[in-house]
Structure formats: C-alpha cells, structure tokens
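This report concerns only the one structure given below.
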There are 2 protein chains.
Amino acid sequence: MRLSDGVEWGVHVCVVLATLPDDAALAAAKLAEYHGVPAAYLAKHLQVLAGAGVLRTVKGARGGYRLARPPADITVLDVVEAIDGEESAFRCSEIRRRGPLAMPAREYTKPCGIHRAFSRADEVWRAELAKTTIADLLIGLLHDVPRTALEKGARWLQESAR
Amino acid sequence: MRLSDGVEWGVHVCVVLATLPDDAALAAAKLAEYHGVPAAYLAKHLQVLAGAGVLRTVKGARGGYRLARPPADITVLDVVEAIDGEESAFRCSEIRRRGPLAMPAREYTKPCGIHRAFSRADEVWRAELAKTTIADLLIGLLHDVPRTALEKGARWLQESAR
DNA sequence: CTTTCTCGGATAGCTAGTATCCGTGTTATG
DNA sequence: CATAACACGGATACTAGCTATCCGAGAAAG
Ligand code: FES
Ligand code: FES
C-alpha cells in the first residue's frame, strides 16, 4: 500500500503558497522549479487541487495558483482527499458471499466485521490528518529551517511571484 | 491508495482456522475453495503468513495450515503487516532538499513536518487495527450470521479438516 | 516405498500511478 | 485591437506493483 507521490507535492505546494501575499499568485512552472519536480505532471495535480477547492486559479497572463482559503483552514486531509480520493484503502470484496457458506443476498444487511474494523482504522487515520493545517506546517518550518535558508527562499519567491 | 486484496483473504483465512479444533489443519486448496478465490494465489499469501509467524504449516500428507497462536493473540494488524509490509503508506521523498531552497545535507537532521504528520496518522491507524483480534471477529460473526448458515459451515469444515 | 501435500521459485498479465505533450481558450498589456 | 503569457483539458506512452498461474523439489504419513 503506497500513497501517491502527488500527495506530498500537493502539501509542499500549499505550504509555499501560504507564504505569498494575499493578492499574489505563482505560476505552475515556478512551483515545479521550486520543488524540482516535473512541471507537466505537477500541473495535473494542481488542477485537481483547484477543482477540489483547495487552490484557486488565476487565469490569463501573469496568472498562476494561490490558496483558495487561509492556511489555517486547509488541512493535510483536504489535500490527501483531493489527490488520492476519499475512499478507504481497504476494500471488502464480500468474500463471505462465496464458497460453501454462501447465503442468499438478503442476509447481508450490515457490513461484515472485518470491514467495520478497517473502517474504524481509516476514520482515525483521517481524523489525525485533519488535525494538522497548512498554517501548522508553516510554523513548524520556521522552527526547523535555518534563517539563511528562509531568507534565500523569500528572495526567490519575491522575484517569481506576481 | 489501495490495500492489497491478499490482506482481506488473510484475515478471512485466520477467522476460519480459528474455528478448527486445536490439533487440526486445513489444506490450502480447501481454504481457497471455502472462500472462492484462486488457490495458487492464496497459497502465496499463506506462505507469507506462515513466515511471519501468524500461521503454522503442517507438512507432508494430511498437512495444511493452522493458527500459530490462540485467536485472541492474533490481531488484524499482524495480518496486515505480514502481507502488506510494515512501512507507512506515505513516503517523504525529501523534496525540501531540491530546488532553490536546497541546503547542505547536514542541515536535515530531523524528519520534516509533513513527514511527522503522516507518521502520526499511520501510528493511530495501526494502533486501531491492533485493537481487533481474530477472536473478536469470530465472536462478531456468531452474532451476524444466521444459525442455519453456521451449521452448514461447521459441517463443511468437519468433512474437510484433518 | 508410495501417496499426499507444502515449499519455493519462475513467469505472465493487469491495473493504477507516473510522466509528457500539445491544441484551445482566457486574460493582461501595449 | 493585436500580441504575449498562461491555465485548461485531453491524449498518450511508460513503469512499478499487484494479481494470477504453473511446476519441480522435498517432507511427512501410512
Ligand atoms: S467479506 Fe471480506 S471483508 Fe467483508
Ligand atoms: S520533504 Fe516532502 S514530506 Fe518530507
């Protein structure tokens, strides 16, 4: 079981966009350059994030992407569900209906116990991801990253943003 | 992100084996027939579960598989980790080291904030799965399944077990 | 010694994720 | 209005991991 790489990219992009001034946007190509990932592929994920209401697109010349909401209102879970989907990793294939124990379909009213166990696990996983917002990550970054690097990043963004 | 089908099969197999008498074993082919899944493929997963110490193999004629421990000592997490691996679904690809913000490698001592957030989520996911044992699932099954089906299953097992 | 069964590896096939490209339409600017 | 810059959306190739099957070797029971 592996989560798509696009999920990591999406979170990183949101963190970077959170540092921009409110009225600024950043082009998809610049975001790709900043993170060192293929631009064409990142663009796909950006479009999905925009469709999910996490990012907002600014069309036309000098356009780009910006956050659709304040960083404190965007959770990691929002990004995960936009890119990876909302369905649980586990899929009950209703094995219990097959083989010698098979019963008429009307007997299977409620989900099987295994399915319920995995659903609970999926719920707490998502709840934990919902606890962390983009704003939290940004604050954490300010603590972890040395000042010189922060200033270097800020300069780069000022030159690239619109 | 999707969990392997083998995980579901593994849990079902453990539940069925938990109903057997202590000294009995069930052949891989019978387990496959019981669940209506391809025998050759299920055998792969059974071998993995045996290697992980969840199941025990009984070699030679009239052999088969049985649980390695009492049902109450086998959790759903044990099965998941045996078949799907123990690593988290999220993989931090150290994007922060690339692009204009790149810093010398010695600066990256502790995992990034995004990585930590996903690690926490993965932990609670596993902790939740560890709460449910095979014995719990068996008890739940006795409540959910009508008596006639249970008797049918018991008869089938008695004819097939060794 | 023969039967029965697991063991273990070798090998296709399939699906979801990865990655790239290009034509179209929209907006800012001169 | 003409032009340049840029997002949009679909089409397409590649790749890795999961799905599925097969068969010979070896171990235990009778
Ligand atoms: S029947 Fe297999 S998990 Fe629901
Ligand atoms: S650098 Fe991207 S998640 Fe750690």
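- In terms of position on DNA chain C, the residue among H45(A) and K59(A) whose nearest nucleotide sits closer to the 5' end is H45(A).
- Taking 4.0 angstrom as the limit, Y41(A) places none of its side-chain polar atoms (N or O) nearer than this to OP1 or OP2 of dT20(C).
- More than 12 heavy atoms of other residues, nucleotides or ligands sit less than 6.0 Å from atom CZ of R116(A).
- In this structure, D5(B) places its CG atom 12 Å from C1' of dA20(D), rounding to the nearest Å.
- Checking dA7(D), dG9(C), dT6(C) against every side-chain atom of A28(A), the shortest atom distance belongs to dA7(D).
- Residues meeting the side chain to side chain donor-acceptor pair (under 3.5 Å) test with E81(A), sequence neighbours left out: R126(A).
- Among the nucleotides dC22(D), dG17(D), dC7(C), the one closest to the side chain of R2(A) is dG17(D).
- With dC8(D), dA19(C), dC7(C) as the candidates, the nucleotide lying closest to the side chain of P38(A) is dA19(C).
- Side-chain atoms of W9(A) lie closest to dA19(C) of the nucleotides dA19(C), dC7(C), dT19(D).
- Among dT21(D), dC7(C), dC21(C), the nucleotide with an atom closest to any side-chain atom of K44(B) is dT21(D).
- Here the nucleotide nearest the side chain of R62(A), chosen from dT27(C), dC7(C), dT29(C), is dT29(C).
- Set against dC5(C), dC7(C), dC8(D), the side chain of A27(B) has dC5(C) as its closest nucleotide.
- Y65(B) approaches Q47(B) most closely through the heavy-atom pair OH-CG, 3.7 Å.
- Across V79(B) and C14(B), no two heavy atoms sit closer than the pair CG2-SG, 4.0 Å.
- Regarding contacts with the backbone of dT18(C), a side-chain N or O of S4(A) is found under 4.0 angstrom from either OP1 or OP2.
- If you find the closest nucleotide of DNA chain D to G60(B) and to A50(A), the one lying nearer the 5' end belongs to A50(A).
- Ranking dA28(C), dT20(C), dA28(D) by closeness to the A61(A) side chain, first place goes to dA28(C).
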Run the side chain to side chain contact (heavy atoms under 4.5 Å, CB included) check on L3(B) and S88(A) step by step: do they pass? CA-CA 9 Å; L3(B) 216 46; S88(A) 165; over 6 Å; no
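- Distance I95(A) CD1 to dT19(D) C1': 14 Å, rounded to the nearest Å.
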